[in-house]
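Presented below is the structure to which this report refers.
Please read these numbers as outputs of a predicted model, since none were measured by experiment. Both counts, for ligands and for their atoms, begin at 1 and track the order of listing.
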Amino acid sequence: MIELEDLTVAFDDVTAVADVDLRIDRGEFVTVVGPSGCGKTTLLRAIGGLQTPTSGGVRIDERSPSIAQDAGDIGFVFQQHTLLPWKSALENVTFLREMAGESPDREDARALLDSMGLEGFEDARPRALSGGMKQRVAIARALHLGADVLLMDEPFGELDELTRDELGVELRSLWRRERKTVVFVTHSVPEAVFLGDRCVVMGDRPGRIEAVFDVELPEPRDAAVFGSRPFQERVAAVRRTLHENHD
Ligand SMILES: Nc1ncnc2c1ncn2[C@@H]1O[C@H](COP(=O)(O)OP(=O)(O)O)[C@@H](O)[C@H]1O
Ligand SMILES: [Mg+2]
């Protein structure tokens, strides 16, 4: 379980995260949506121990984020894939655990790449892969770490819309199999609604949670969901909240 208590992160001229209280259960998929600059990345970095809070704190299964991270319990996926250009897809997946002193588990890495639809691309360098494929490798890399918690910062933000929907469907189905705890940050309302069990809405003023929606869409969530009325109603509700909190 992830617990945020009175979490505040202030920079010189802006409070990027202001008194945030949030509990995320083990195995829950939570999305965080809000306009650019509202503090999403800072919130995620604080959860992952990459950003020290100004006050309040974060506990991950009763531990500090940095201890959880040292234990290999947190996997990150960013908008920029951060793959090493000189390594193959497979080597990129195994690399982080090798850095931690383990011998590479190629079987596991191969199976993960297969499950992400990358069979046959194990030896390809990142430059030979499309944007969507690179993000699949980045997700496989996070899973290979064996982390229980996945922190994702606009991982599909630079992809075309169709690829983005496709990867969303795959991520949700992967989550149903693996039941990781996922915190997924995006500025896309449809993406936040499609993926989340709960959707946290941040407003224009930096750092504030304006509302938390229970999404409750039928499972499995496949591409047909995008055209369904319940989905569209929830998207409209989240949009309303965003507009109401827009100056
Ligand atoms: N390292 C930093 N130093 C100073 N200000 C920062 C820093 N990181 C973020 N900010 C500011 O905090 C606010 C929230 O930023 P960020 O968390 O990146 O928002 P988002 O990810 O929602 O676009 C912005 O006003 C941004 O300029
Ligand atoms: Mg951001």
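Annotation: atom 19 (O) of ligand 1 to nearest protein heavy atom, Gly39 N, 3.2 Å. The shortest contact between atom 12 (O) of ligand 1 and any protein heavy atom is with Ala16 CB, 3.4 Å. Of all protein heavy atoms, the one closest to atom 14 (C) of ligand 1 is Gly37 O, 3.4 Å. Atom 16 (P) of ligand 1 has Thr42 OG1, 3.6 Å as its closest protein atom, hydrogens excluded (heavy atom only). Scanning the protein heavy atoms around atom 27 (O) of ligand 1, the nearest turns out to be Val14 CG1, 4.9 Å. Among protein heavy atoms, atom 6 (C) of ligand 1 sits closest to Phe11 CD1, 3.2 Å.
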**Asked** Can you check side-chain contact (heavy atoms from CB on, under 4.5 Å) on Val215 and Arg198, steps first, answer last?
**Response** CA-CA 5 Å; Val215 175; Arg198 280 192 298 156; 5.8 Å; no
**Message:** What verdict does the side-chain contact (heavy atoms from CB on, under 4.5 Å) test give for Glu158 and Gln80, after you've listed the backbone C-alpha separation in whole Å, the side-chain angles of each residue and the deciding distance to 0.1 Å?
**Reply:** CA-CA 8 Å; Glu158 287 191 349; Gln80 302 292 337; 3.1 Å; yes
**Message:** Show, in sequence, the C-alpha distance, side-chain angles and deciding distance for Thr82 and Arg141, and conclude whether the side-chain contact (heavy atoms from CB on, under 4.5 Å) test is met.
**Reply:** CA-CA 11 Å; Thr82 67; Arg141 177 180 59 184; 2.9 Å; yes
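Residue Ser36 places a heavy atom under 4.0 Å from ligand 1. The closest approach between a heavy atom of Pro206 and any atom of ligand 1 is not below 4.0 Å.
Residue side and main chain included, Thr41 places an N/O/S atom under 2.8 Å of the Mg ion (ligand 2).
At least one donor-acceptor pair under 3.5 Å links the side chain of Arg136 to the backbone N or O of Met116.
For Thr41, heavy-atom contacts with ligand 1 shorter than 4.0 Å involve the backbone as well as the side chain.
Using bins of under 30°, 30° to 60° and over 60° for the plane-to-plane angle, the ring pair His243/His246 lands in the perpendicular bin.
Between Lys40 and ligand 1, at least one pair of N/O atoms sits closer than 3.5 Å.
The shortest distance between side-chain heavy atoms of Phe121 and Leu113 does not fall below 4.5 Å.
Separation of the Phe156 and Phe184 ring centroids falls under the 6.0 Å cut-off.
Taking every heavy atom of both residues into account, Arg234 and Glu216 meet most closely at NH2-O, 3.3 Å.
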